Every structure is written in structure tokens, then in C-alpha cells.
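When a ligand or atom number is given, it counts from 1 through the structure's own listing order. This structure is a prediction, so every number in the text was calculated from the model and none was measured.
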Amino acid sequence: MQAVSAEIIDGKAIAAKVRAEVAGDVEAFVQRTGRRPGLATILVGDDPASAIYVGGKQKASREVGIEPFDHRLPADATTEQVEALIAQLNADDTVSGILCQLPVPEPLDGVAITGLIDARKDVDGLTPVSAGLLALGRTGLRPATPSGVMVLLEEAGVELEGTRAVVIGRSNLFGKPMAQLLLGANATVTIAHSRTRDLPAVCREADVLIAAVGRDRMVKADWVKPGATVIDVGINRSDDGLHGDVDFAEVADVASAITPVPGGVGPMTIAMLLRNTLTAAELVASEQEVGAA
Ligand code: NAP
């Protein structure tokens, strides 16, 4: 292992801690309400990578005491079939959270399908209602990966208030909600993308630099302000293994803290999905308690 000057933010260990906390909180919830939170996953088609992701989410749910419900539809399922399944799960009290694994096969419209999920069960935080609540700073379910990054920053002791943060990438899945969460924590946020002029100079402004692009080791040492915190969301598979969007070997000598790939942001996503499922169950339970009072 090469010597690096930056603190390595250990996402695997932090995710394990979150999962253990969720497991304890799930049992306390069951004791209090007599109900077990449930997570329904929907997989349309037989894409092997998607099947592995869904299987991982099912297993992780079971491990923390959340009941997994595994729903599969054939690749040629119609929009009406998917709609009917989501309507059934929206109405099912044993289901606290619903996620539809993306992408869905064409001609299905993943954004439209996701939008059918009841916002109170939207554990991926991707419906227009959840996105709107986040933009307004109101209580709601937040997308798992950017939420996981917020936990990593907190665990690494990064003070966000007043800091300059740059997010590379503006996807609905990650970049936009990440920027909103940082803004909510009083950072001054820049969102960079493929049309940004002089990206390295923009990145050098950042005290906190977050890369979510999907380009193997794009962020180089001379893009990074000395002492910055660097969070690498990218997952790029190549012949020589799995790499992030950040050239870890170079950047770890400039940054003060950095996430590795693998073992950084990746493990946080499932941990935060589990946390969201419990939060969804708690929101419904508190509504019922208020209704019954
Ligand atoms: P995406 O939807 O493809 O978005 C990529 C973003 O990067 C776009 O906003 C794009 O800009 C921007 N971009 C592309 N080339 C660029 C360049 N040369 N310079 C600057 N910006 C550029 O991807 P995503 O879903 O956000 O995911 C991004 C990466 O994170 C992927 O590697 C993905 O696998 C990974 N990811 C990991 C997790 C996890 O759990 N660890 C979760 C989600 C995503 P335009 O908008 O201008 O096209």
C-alpha cells in the first residue's frame, strides 16, 4: 500500500455503523408499534447487474430486520402492468418503502414510473414530490447516495457551513440532490457539468470537491486545492479493475481527506436506503398515532 497524506474516509466502516444503528432502531420500532418495516423492490427485465443490485438490497434489508418483498416483471411488461403493481404496493400497509430498480427496459419510462410511487414510500427519494420537498427544505425522503455522502462528511468532521463546495455532475439521481443537501447545510455550492468552462479551475476553488461523472480517474491532483476534502462517487470498471472519477493515487497527496473506490461512497448507498425505509415506516406510524389521538 502506498503512503498517502490524506485521511482515507472509510465508507465501509461508516456504512457498517449506520446499518447496525438501523438494525437497533428497527427492533425498537417493532417493539413500539408491533409492525415490521417492509421494503418492496421492483425489477423489470433480467439485466444481470440490476438483479445483483436488487439481490443486495433484499439481503441487506433482511440483515437489519426489514422485511423484503421481491417483485419481478418480465422485460416486455407493459406500463399498465408496472402501474398496477405500484398501485398495489402503495396501498399495502406492510410495505413501508418501494423502489423500482433503474434503468427499466425500453419503451418503459423510468422517470414516469418512479413518479407513481407514493412520496411517503419513496425510499429512493426520486419522485417529483420528494425532489420538490428537498428543494423547499421540507421534511421528506432524500436520495440515498447523496445522503450517504452527507454522513461521510459528518463522520470525517468536515464543517460545511460557509465552505465552498463543488459538485461535478448534475444528474437527478445524484448531482442535483447533492447540491441541495450541501446548500441546506449552508455551503456555497457550484454545480459543474460537461459544459463547464475550465473545469480544473472551478474544482480548485473547492474546499469540498464531489465528483459524480462516470469518467475514469478524470480529477487530477492539480484540480484539487491543497487540504480539500474529496468525495469520489464514480464507479468505472476497466480491464485494470474498479476506479472512481478521481485519480486517487495523485489526489491523496494533495487532499486532506478522500474516499477510496471501492469502499467509499458505494457502501453508503444501501445503508441509507435502509435508513430511509425505517424513516418511511416511522412517518406513517406517527401520522397514524396523530390520527388516533
Ligand atoms: P449521469 O447521469 O451520467 O451524469 C453524469 C454527469 O457528469 C452529467 O451531469 C454530465 O454533464 C457530467 N459530465 C460528463 N462528462 C463530463 C465532463 N467531461 N466534465 C464535466 N462533467 C461531465 O451519472 P450519475 O447517475 O450522476 O452517476 C455518476 C457516476 O456516479 C457514475 O460513475 C455512477 O456509476 C456513479 N454512481 C455511484 C453511486 C454509488 O452508489 N456509489 C450512485 C450513483 C451514481 P451533462 O449533464 O452536461 O451531460
Side-chain angles (χ1 to χ4, degrees), residues 9-16 18-19 41 47-50 52-57 60 99-104 109-111 114 123-126 130-131 134 141-153 165-182 189-206 209-220 222-224 230-238 241-248 251 258-276:
I9 303 174
D10 186 347
K12 225 171 140 185
I14 296 169
V18 171
R19 284 159 77 141
T41 56
D47 177 66
S50 293
I52 289 171
Y53 290 141
V54 166
K57 291 168 188 177
L99 77 83
C100 181
Q101 185 66 38
L102 299 176
V104 289
D109 177 345
V111 174
T114 302
V123 285
D124 263 344
L126 295 177
S130 297
L134 172 57
L141 293 163
R142 311 303 195 209
T145 308
S147 299
V149 169
M150 293 301 281
V151 173
L152 292 179
L153 291 170
V166 172
V167 181
I168 322 174
R170 56 174 162 179
S171 67
N172 292 329
L173 184 73
F174 183 81
K176 285 180 197 164
M178 184 74 250
Q180 294 280 4
L181 289 171
L182 292 165
V189 186
T190 300
I191 309 180
H193 45 78
S194 67
R195 315 289 171 88
T196 298
R197 286 198 201 123
D198 199 354
L199 182 61
V202 172
C203 293
R204 274 193 297 275
E205 297 272 304
L209 177 62
I210 301 177
V213 182
R215 286 184 161 241
D216 196 334
R217 287 164 282 182
M218 179 181 86
V219 176
K220 301 295 181 190
D222 62 357
W223 295 32
V224 176
V230 178
I231 304 288
D232 190 352
V233 185
I235 302 174
N236 307 290
R237 286 184 175 81
S238 67
L242 192 68
H243 298 283
D245 291 340
V246 176
D247 194 330
F248 182 91
V251 173
I258 186 168
T259 58
V261 176
V265 174
M268 294 304 293
T269 299
I270 288 191
M272 299 311 289
L273 172 71
L274 302 173
R275 169 59 70 196
N276 273 353

TODO: Apply the test side-chain contact (heavy atoms from CB on, under 4.5 Å) to residues Asp245 and Arg217: give CA-CA distance (whole Å), side-chain angles for both, the deciding distance (0.1 Å), then the verdict.
DONE: CA-CA 4 Å; Asp245 291 340; Arg217 287 164 282 182; over 6 Å; no

TODO: Among all protein heavy atoms, pick out the one at the shortest distance from atom 11 (O) of ligand 1; state its residue, atom name and that distance to 0.1 Å.
DONE: Ser194 N, 3.3 Å

TODO: Using a distance threshold of 4.0 Å (strictly less than), state whether atom 13 (N) of ligand 1 has a protein heavy-atom neighbour.
DONE: yes

Task: Where ligand 1 meets Gly266 - atom numbers and elements under 4.0 angstrom, heavy-atom basis - done: 41 (N)

- [ ] For atom 27 (O) of ligand 1, grab the closest protein heavy atom and report residue, atom and distance to one decimal in Å.
- [x] Ala212 O, 4.5 Å

Open item on the list: Please work out, at 4.0 Å between heavy atoms, whether the side chain, the backbone, both, or neither of Leu199 comes within that distance of ligand 1.
Closed with: side chain

Open item on the list: I need the minimum non-hydrogen distance between Pro143 and Ser147, along with the two atoms involved.
Closed with: O-OG, 2.7 Å

TODO: Tell me which part of Met268 gets within contact of ligand 1: side chain, backbone, both or neither, using heavy atoms under 4.0 Å.
DONE: neither

Task: Atoms of ligand 1, numbered as shown, that sit under 4.0 Å from any heavy atom of Val233 - done: 30 (O), 35 (C), 36 (N), 37 (C), 41 (N)

- [ ] Check whether any side-chain heavy atom of Ile258 lies under 4.5 Å from a side-chain heavy atom of Ile9, and answer yes or no.
- [x] no

Task: Where Asn236 and Gly244 come nearest, the two heavy atoms and their spacing - done: ND2-O, 3.0 Å

Open item on the list: For atom 32 (O) of ligand 1, what is the closest protein heavy atom, and at what distance to 0.1 Å?
Closed with: Ile235 N, 3.1 Å

- [ ] Starting from atom 31 (C) of ligand 1, locate the nearest protein heavy atom and write down its residue, its atom name and how far away it is, to 0.1 Å.
- [x] Gly214 CA, 3.8 Å

Task: Minimum heavy-atom distance Ile270-Ala60, with the two atoms named - done: CG2-CB, 3.4 Å

Task: Any side-chain heavy-atom pair of Val251 and Lys220 under 4.5 Å - done: no

TODO: Identify, for atom 9 (O) of ligand 1, the protein heavy atom at the shortest distance, and state residue, atom and that distance.
DONE: Arg170 N, 2.8 Å

Open item on the list: Just verifying a value: how many Å separate Thr41 OG1 and Tyr53 OH, rounded to the nearest 0.5 Å?
Closed with: 15.0 Å

Open item on the list: Counting non-hydrogen protein atoms only, what is the nearest one to atom 1 (P) of ligand 1? Give residue, atom name and distance.
Closed with: Ser171 CB, 4.1 Å

TODO: Would you mind running through ligand 1 and noting each atom that sits below 4.0 Å from a heavy atom of Thr269?
DONE: 39 (C), 40 (O)

TODO: Using a strict cut-off of 4.0 Å, indicate which atoms of ligand 1 neighbour a heavy atom of Gly169.
DONE: 6 (C), 7 (O), 9 (O)

Please report, to 0.1 Å, the donor-acceptor pairs under 3.5 Å made by any side chain of residues 168-181, with sequence neighbours excluded.
residue	atom	partner	partner atom	Å
Ser171	OG	Phe174	N	3.0
Ser171	OG	Gly175	N	3.4
Asn172	OD1	Lys176	NZ	2.9

Open item on the list: How about CZ on Arg215, more than 12 heavy atoms from neighbouring residues, nucleotides or ligands closer than 6.0 Å, or not?
Closed with: no

TODO: Give a yes/no on ligand 1: does Thr145 have at least one heavy atom closer than 4.0 angstrom to it?
DONE: yes

Task: Shortest protein contact, atom 16 (C) of ligand 1 (heavy atom only) - done: Val213 CG1, 3.6 Å

Open item on the list: At less than 4.0 angstrom from any non-hydrogen atom of Leu173, what atoms of ligand 1 do you find?
Closed with: 25 (O), 43 (C)

Open item on the list: For a quick test of reading the model, state the closest non-hydrogen atom pair linking Val265 to Asp232 and the distance between them.
Closed with: CG2-O, 3.5 Å

